[in-house]
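Read through the structure below, which is laid out as structure tokens, and then see the notes.
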Amino acid sequence: MSGRRRTTVELGHDAFLDIVANLVGILIILVVVLGTQTQRITEMLRDSVESELQIVENDGSAEKLAEPAPESPAEAVASRAQLDKLGEMAMRAASAQRDSMRIEANLRRYNDQISQLSEARGRLLDLLSIAEAAWEDKKSELDQTKVLAAKNQREIREIESEIAELAGTKERLENEEAPLVAVEHLPTPMAKTVFGDEIDFRLKAGKLSLVPVEPLMKQIKEDARRMTQRLGKDASTVGPIRDYIANYVVEREVGRVTQNGRTAMAMATRLGAVAFEPLNESVGQPVAQVLRDRSFLDIELAGRDPHSTTITVWVYPDSFGELRQLKEHLYQRGFATAARPLLDGQAIIFSSRGTRSKAQ
């Protein structure tokens, strides 16, 4: 809008300047034409007067020689008419000169007025530019205020909608009856140390396998008797039995032995530590398959009394979920379960200095 206003003002001012310039040009042309005609008429009159004066002088000299002829009334009238015409033309020339001077004065005055109007126009255009800039700033501020107000209104409507929805949910929940949630759990009696029959299982990567502790211990005793009786420590390996081997250490030392009230020095043999390890890490069956078929557990638990038999599960961190499923199944069958957590890469180790399992 400001651009159209400025264009309209500039076009009006330029048209006015064009009209004034055209008028001034026309006046200048008139002055030049009048001046040219005046000069030409003045020269014609001057030439005519000079010729007449020359004729008069010639006539005077001729009169001296001869008597002059009488002047005719027509020639006298012609001379007076020419003089009158000359005076009229001189008056016209003087009037034209005065008009030219007046026009020049008006032209100078118009030029001064145009200069003043141009300066005033420049000041007005500057003021107009300042006003337009101020208006644009105010308009921008107003637009931003409107946008912020619209955003706030939208947020208010959203919050009101959420409040109404929460109020409806609250009212609905207050009118509903609280649902009953059944929590499945296993009884957790006081743990007790195992002294009766014990079966060991290994649970890793979700697979369950039986650790043949008793058969391997029998092989260890037989293998230890065949060793050379010497002081110190000896290490050996027995197995495999059911995909497991046993690495053990035998310690021999000389000490006092009392028998039948008599004390003597003798060499005593003691089993140090036994590590049970599988031949490969993938040994065993998945717990889901074991619980579904039950043939594996049925064979291992056949003939064992649940009241005097404890099941020890050596479990790794990746199989705690499967351990809970196994405990639930064994609890339903009446067997107590002892869990022995192991770290990744750690073997199942028995030691004379270790602790016994605690069943629940």
Side-chain angles (χ1 to χ4, degrees), residues 194-227 233-251 271-306 308-333 335-359:
V194 176
F195 290 102
D197 192 10
E198 184 176 2
I199 303 176
D200 293 272
F201 288 95
R202 177 180 182 267
L203 182 57
K204 184 176 183 181
K207 293 184 177 182
L208 184 69
S209 61
L210 176 69
V211 181
V213 175
E214 293 182 0
L216 288 174
M217 291 299 293
K218 290 181 181 180
Q219 286 192 3
I220 289 174
K221 291 179 181 179
E222 295 175 358
D223 188 63
R225 292 194 195 100
R226 293 193 295 267
M227 287 184 178
K233 296 181 180 180
D234 285 331
S236 182
T237 301
V238 297
I241 298 178
R242 301 189 65 172
D243 296 328
Y244 278 88
I245 60 174
N247 300 313
Y248 70 94
V249 176
V250 175
E251 300 176 355
L271 183 63
V274 181
F276 298 93
E277 297 180 2
L279 294 177
N280 58 79
E281 292 295 327
S282 62
V283 64
Q285 299 180 14
V287 172
Q289 179 180 350
V290 171
L291 299 180
R292 183 175 60 254
D293 298 340
R294 296 189 179 183
S295 58
F296 175 75
L297 287 177
D298 290 342
I299 294 174
E300 301 300 336
L301 300 178
R304 297 182 182 274
D305 185 7
S308 60
T309 303
T310 300
I311 298 176
T312 300
V313 181
W314 300 83
V315 58
Y316 289 87
D318 59 0
S319 302
F320 287 144
E322 288 81 358
L323 174 64
R324 180 175 178 82
Q325 298 176 13
L326 182 62
K327 289 182 66 176
E328 291 176 357
H329 177 76
L330 294 175
Y331 174 77
Q332 293 176 359
R333 300 182 66 164
F335 287 93
T337 306
R340 301 296 292 264
L342 296 173
L343 298 176
D344 288 332
Q346 183 179 359
I348 300 173
I349 299 176
F350 284 25
S351 175
S352 59
R353 299 184 181 88
T355 58
R356 302 186 66 86
S357 300
K358 296 182 182 296

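- D223 is linked by a salt bridge (charged side-chain N to carboxylate O under 4.0 Å, His left out) to R226, counting only residues two or more places apart in sequence or in another chain.
- Put simply, the side chain of D243 never gets that close to the backbone of L279: no donor and acceptor are under 3.5 Å apart.
- Counting heavy atoms from C-beta on, the side chains of R202 and Y316 come closer than 4.5 Å.
- When all heavy atoms of A205 and S319 are compared, the pair lying nearest together is N-OG, 3.0 Å.
- The line from CG of L210 to CD of E300 is 4.5 Å long, rounded to the nearest 0.5 Å.
- For the pair V211/I348, a side-chain contact is recorded, criterion being any heavy-atom separation below 4.5 Å from C-beta on.
- Here the closest non-hydrogen pair linking G206 and L203 is C-CD1, 4.1 Å.
- Rounded to the nearest 0.5 angstrom, I349 CD1 and W314 CH2 are separated by 8.5 Å.
- P341 pairs by the side chain to side chain contact (heavy atoms under 4.5 Å, CB included) definition with nothing, not counting sequence neighbours.
- The list of side chain to side chain donor-acceptor pair (under 3.5 Å) pairs with a residue in residues 284-293, not counting sequence neighbours, is empty.
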Evaluate L208 against F296 for side chain to side chain contact (heavy atoms under 4.5 Å, CB included), listing each step before the verdict. CA-CA 10 Å; L208 184 69; F296 175 75; 4.2 Å; yes
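- Looking at residues two or more places apart in sequence or on another chain, you find no salt bridge (charged side-chain N to carboxylate O under 4.0 Å, His left out) involving D305.
- Every residue two or more places apart in sequence or in another chain that forms a side chain to side chain contact (heavy atoms under 4.5 Å, CB included) with L301 is listed here: I199, L297, I311, L330, R333, F335.
- Considering all non-hydrogen atoms of both residues, A246 and I220 come closest at CB-CD1, 4.0 Å.
- Residues passing the side chain to side chain donor-acceptor pair (under 3.5 Å) test with S209 are Y244, sequence neighbours excluded.
- A search for side chain to side chain contact (heavy atoms under 4.5 Å, CB included) contacts involving K233 returns V249, E251, not counting sequence neighbours.
- For the pair I241 and P212, the tightest heavy-atom approach, listed with the atom from each and the gap, is O-CG, 3.2 Å.
- We find that E198 and R340 are not joined by a salt bridge, their nearest charged nitrogen and carboxylate oxygen being 4.0 Å or further apart.
- Closest of all the heavy-atom pairs between V313 and T337 is CG2-CG2, 4.1 Å.
- Residues satisfying the side chain to side chain donor-acceptor pair (under 3.5 Å) test with E214, not counting sequence neighbours, are none.
- Remark: D344 engages no residue in a side chain to side chain donor-acceptor pair (under 3.5 Å) (not counting sequence neighbours).
- With sequence neighbours excluded, the residues that form a ring pair (Phe, Tyr, Trp, His ring centres under 6.0 Å) with F276 are F350.
- Between K218 and E222 no salt bridge is recorded (no basic side-chain N to carboxylate O distance below 4.0 Å).
- Across L271 and V274, no two heavy atoms sit closer than the pair CD2-CG2, 3.7 Å.
- Listed by chain and number, the residues in a salt bridge (charged side-chain N to carboxylate O under 4.0 Å, His left out) with K204 are E281 (sequence neighbours excluded).
- Residues passing the side chain to side chain donor-acceptor pair (under 3.5 Å) test with N247, sequence neighbours excluded: T237.
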